[in-house]
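When a residue number appears, it is its place in the shown sequence, counting from 1.
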Amino acid sequence: MRIEDIMRKKVITVSPSTSIGEALLLLRTNRIRHLPVLEEERLVGLVSDRDLRDALPSHLLTHEDDDMILQKPVSDIMSKQVITAHPLDFIEDAAAQVYEHKIGSLPIVENERLVGMITESDLFSSLIELFGVNRPSSHIEVQVDDRVGALAEVSQVFRDAHVNICSVLVYPAQNPPQKNLVFRAQTIDPRPLIQKLNDKGFTVVWPKEGGSLL
């Protein structure tokens with residue numbers, strides 16, 4: 001899945017001269033946490049709710065210049081080094097960017113123009129959908145040797161059992177060079193399928209005997 005499939009195309013933006021007070025009102029009114037800053041349609045910065053909170057005076061103290069702070073432009077507090085993504089990037093690459101840089105959103109830029117926005121919430125929703133967790137299904141984990149054709153052989157057992165695969169992930173097992181194949185299978189009762197996997201000589205590591213089937 002690519003970013004263009006999940007990004008929000010209607011993005012609320014501000015200019016460098018927008019006041020901190022105006023930006024704060026936009027965030028609260030639209031229930032968003034980030035505002036891209038555009039100058040002549042070019043992305044020049046990003047303002048987050050944290051930036052605004054840090055700039056605002058304390059509610060516990062009264063200062064004569066409180067109103068002046070709200071009138072200052074967002075250019076005074078915006079982040080100028082903005083991490084962006086392209087609409088044709090894959091969502092897992094975007095998730096890696098968000099995780100690595102500990103950020104809450106990614107402006108999507110194409111030909112130097114802002115074309116969309118994705119947030120942590122957008123990525124989580126998409127990954128849940130990709131994993132098939134949002135549909136009635138069962139989690140089945142099979143340990144195999146790390147060799148060509150292993151995934152195809154296990155998938156054939158699902159096919160023979162007439163069980164549809166919602167998603168599959170591969171990750172290293174605790175004893176290399178083996179790997180674990182993690183399936184989301186479109187069945188509520190996977191016991192017949194697990195029996196077929198065992199009969200074919202595959203090692204089912206989840207569900208464990210007597211464990212949860214979901």
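- Under the 4.5 Å side-chain criterion, counting only non-hydrogen atoms from C-beta, S75 is not in contact with V37.
- Around atom CZ of R159, no more than 12 heavy atoms belonging to other residues, nucleotides or ligands sit under 6.0 Å away.
- Residues L52 and V11 do not share a hydrophobic cluster, clusters being chains of Ile/Leu/Val/Met/Phe/Trp/Tyr side chains in contact below 4.5 Å.
- Taking hydrophobic clusters as Ile, Leu, Val, Met, Phe, Trp and Tyr residues chained together by side-chain heavy-atom distances below 4.5 Å, L169 shares a cluster with I128.
- With hydrogens and angles disregarded, a donor-acceptor distance shorter than 3.5 Å links the side chain of T187 to the backbone of D189.
- Put simply, V44 and I20 are part of the same group of oily side chains (I, L, V, M, F, W, Y) that touch within less than 4.5 Å, one to the next.
- For the 3.5 Å distance criterion, the side chains of S17 and S15 qualify, holding a donor opposite an acceptor.
- Clustering ILVMFWY residues whenever any of their side-chain heavy atoms sit less than 4.5 angstrom apart, transitively, puts L27 in a cluster other than the one holding L46.
- Within the 4.5 Å cutoff, no side-chain heavy atoms of N180 are placed close to those of V170.
- Remark: side-chain polar atoms of D160 are not paired, donor with acceptor, to backbone N or O of V157 under 3.5 angstrom.
- A salt bridge does not link D54 with R50: every distance from a Lys NZ or Arg NE/NH1/NH2 to an Asp or Glu carboxylate oxygen is 4.0 Å or more.
- For the pair I6/L123, a side-chain contact is recorded, criterion being any heavy-atom separation below 4.5 Å from C-beta on.
- Using a 4.0 Å cut-off between a side-chain N of Lys or Arg and a carboxylate O of Asp or Glu, R113 and E41 qualify as a salt bridge.
- No donor-acceptor pair under 3.5 Å is formed between the side chain of T13 and the backbone N or O of P36.
- In this structure, the side chains of V74 and E22 stay at 4.5 Å or more apart for every pair of heavy atoms.
- In this structure, a donor-acceptor pair under 3.5 Å is absent between the side chains of D122 and S125.
- Taking the side chain as every heavy atom from C-beta outward, I12 and M117 never approach each other to under 4.5 Å.
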Return all side-chain donor-acceptor pairs below 3.5 angstrom for residues 96-109, not counting sequence neighbours, or 'none' if the list is empty.
unit_1	atom_1	unit_2	atom_2	d
Q97	OE1	H101	NE2	3.3

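- Proximity of L197 to I140: side-chain heavy atoms (C-beta onward) are separated by under 4.5 Å at one or more points.
- With a 4.5 Å cut-off on side-chain heavy atoms, E110 and L88 do not count as touching.
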